[in-house]
2 protein chains.
Amino acid sequence: MSLEHSTDHDHVHLGNVFSATCPCRDLLDVVASKWSALAIGALLGGRMRFGELQRHLDGISPKVLTSTLRKLEDYGIVDREVFAEVPLRVEYTLTPLGHEAGVPLEALRVWAESQLEHAQRTEAARALV
Amino acid sequence: MSLEHSTDHDHVHLGNVFSATCPCRDLLDVVASKWSALAIGALLGGRMRFGELQRHLDGISPKVLTSTLRKLEDYGIVDREVFAEVPLRVEYTLTPLGHEAGVPLEALRVWAESQLEHAQRTEAARALV
DNA sequence: ATAGTTACTTTCCTTAGGAAAGCAAGAATA
DNA sequence: TATTCTTGCTTTCCTAAGGAAAGTAACTAT
């Protein structure tokens with residue numbers, strides 16, 4: 001209840017996403033996207049290879065998957081491991097930061113899935129226009 | 001623990017965001033974006049006029065704000081009210097659905113803001129390349 | 001007649017998203 | 001030896017979305 005004593009569990013608010021120049025705005029931008037949310041969601045289940053991710057994220061092109069994973073890697077959300085085998089094996093995992101981001105993203109995913117009926121209704125509404 | 005008896009509190013999983021053709025994929029796409037997250041976050045504080053939102057969402061152009069709000073309106077996440085005054089007044093509010101979406105989005109925002117240090121580190125790392 | 005207010009729209013340009021095809025590096029097969 | 005197969009990409013091309021700047025409509029106040 002008190003703001004006076006903070007513990008290790010408290011996340012200190014250093015930034016403001018509403019400010020255009022705050023670095024945390026970029027972080028939000030990277031994470032708040034359809035493909036990032038799905039990639040992180042998939043990786044919550046454990047490490048995955050490029051091809052596995054591509055099959056899991058139905059409809060993604062290899063180009064977009066690459067750029068999505070690279071951006072997440074740049075921001076320390078996923079980790080990329082290359083195994084010099086033949087055929088080549090590349091595995092992606094979530095970093096601790098990625099796991100943290102995964103919690104609200106998972107909740108968003110669950111929410112979206114639970115709203116199917118509503119989505120169908122609005123789709124029908126738009127079809128009438 | 002059991003999946004046998006569901007109550008009114010249970011959200012039924014009707015969809016799968018990982019499937020490209022599932023309507024809930026579109027819903028996720030609309031909501032999982034920088035500007036949508038910020039607009040919904042701002043509106044969690046109560047109704048707002050167009051100009052207020054524009055000032056609150058630092059860096060957004062009126063064109064992008066309009067298209068963001070229109071999309072959210074189409075999906076039943078925000079409500080738009082026009083008051084025939086002079087000068088014109090238009091107010092935006094969250095629908096119940098919007099409030100639901102706001103919960104995980106707020107958590108994502110808080111997470112992004114708490115990770116400022118990390119964002120600065122990665123920014124510094126990229127600057128070295 | 002001019003300026004001010006609000007909520008946009010329009011134009012133009014750049015960036016991101018998406019489909020399709022190509023590529024590199026070996027291993028296995030014919 | 002040549003072809004095929006696998007994986008993890010990259011490249012090219014095109015369209016859609018994002019962003020900056022200026023313009024517009026409608027009415028009030030000066």
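Computation of the quantities below employed the complete heavy-atom set of this structure, encompassing side-chain atoms and omitting hydrogens, waters and symmetry-equivalent molecules.
Counting to the nearest Å, the P atom of D:dA29 and the CD atom of B:E85 are 13 Å from each other. Remark: P of D:dG8 and CZ of A:R80 are 10 Å apart, rounded to the nearest angstrom. Distance B:L65 CG to C:dT9 C1': 13 Å, rounded to the nearest Å. Atom pair A:L72:CG and C:dA16:P shows a separation of 15 Å (rounding to whole Å applied). Atom CZ of A:R89 is separated from atom P of C:dA27 by 15 Å (rounded to the nearest Å). Put simply, CG on B:L57 is 11 Å from P on D:dG19, counting in whole angstrom units. Between the C1' atom of D:dT7 and the CE atom of A:M48 lies a distance of 16 Å, rounded to the nearest Å. We find that CG of B:D58 is positioned 14 Å from C1' of D:dG19, with the value rounded to whole Å.
Ranking D:dG8, C:dT6, D:dG19 by closeness to the B:P87 side chain, first place goes to C:dT6. In this structure, of C:dG18, C:dA27, D:dG19, it is C:dG18 that holds the atom nearest to the side chain of A:W35. Closest contact between the side chain of B:V64 and the listed nucleotides C:dT9, D:dG19, C:dG18 involves D:dG19. Ranking D:dG8, C:dT5, C:dC8 by closeness to the A:L88 side chain, first place goes to D:dG8. For A:T66, whose side chain is taken as the heavy atoms from C-beta onward, the closest listed nucleotide among D:dC9, C:dA7, C:dG18 is D:dC9. The side chain of A:F50 lies closest to D:dG8 when the candidates are C:dA19, D:dG8, D:dG19. Counting only heavy atoms from C-beta on, A:K63 has its side chain closest to C:dA19 among D:dT28, C:dA19, C:dA21. In this structure, the nucleotide among D:dG8, C:dT6, C:dA27 sitting nearest to the side chain of A:R49 is D:dG8.
Although no hydrogens or angles enter the test, the distance criterion places a donor-acceptor pair under 3.5 Å between the side chain of A:T68 and the main chain of A:V64. Remark: side-chain polar atoms of A:S114 are paired, donor with acceptor, to backbone N or O of A:W111 under 3.5 angstrom. The backbone N or O of A:R47 sits nowhere less than 3.5 Å from a side-chain atom of A:T93 that would complete a donor-acceptor pair.
DNA chain C is contacted by both A:I60 and A:V86; A:I60 maps to the nucleotide lying nearer its 5′ end (nearest heavy atom per residue).
Rounding to the nearest 0.5 angstrom, the gap separating the CD1 atom in A:I40 from the OH atom in A:Y92 is 14.0 Å.
A close approach under 4.0 Å does occur between a side-chain nitrogen or oxygen of B:Y92 and OP1 or OP2 of C:dC8. Contact check, A:K71 against C:dT15: no side-chain N or O comes under 4.0 Å of OP1 or OP2. OP1 or OP2 of C:dT9 has at least one side-chain nitrogen or oxygen of B:R70 nearer than 4.0 Å.
Between A:V78 and A:L69 the shortest heavy-atom distance is CG2-O, 3.8 Å.
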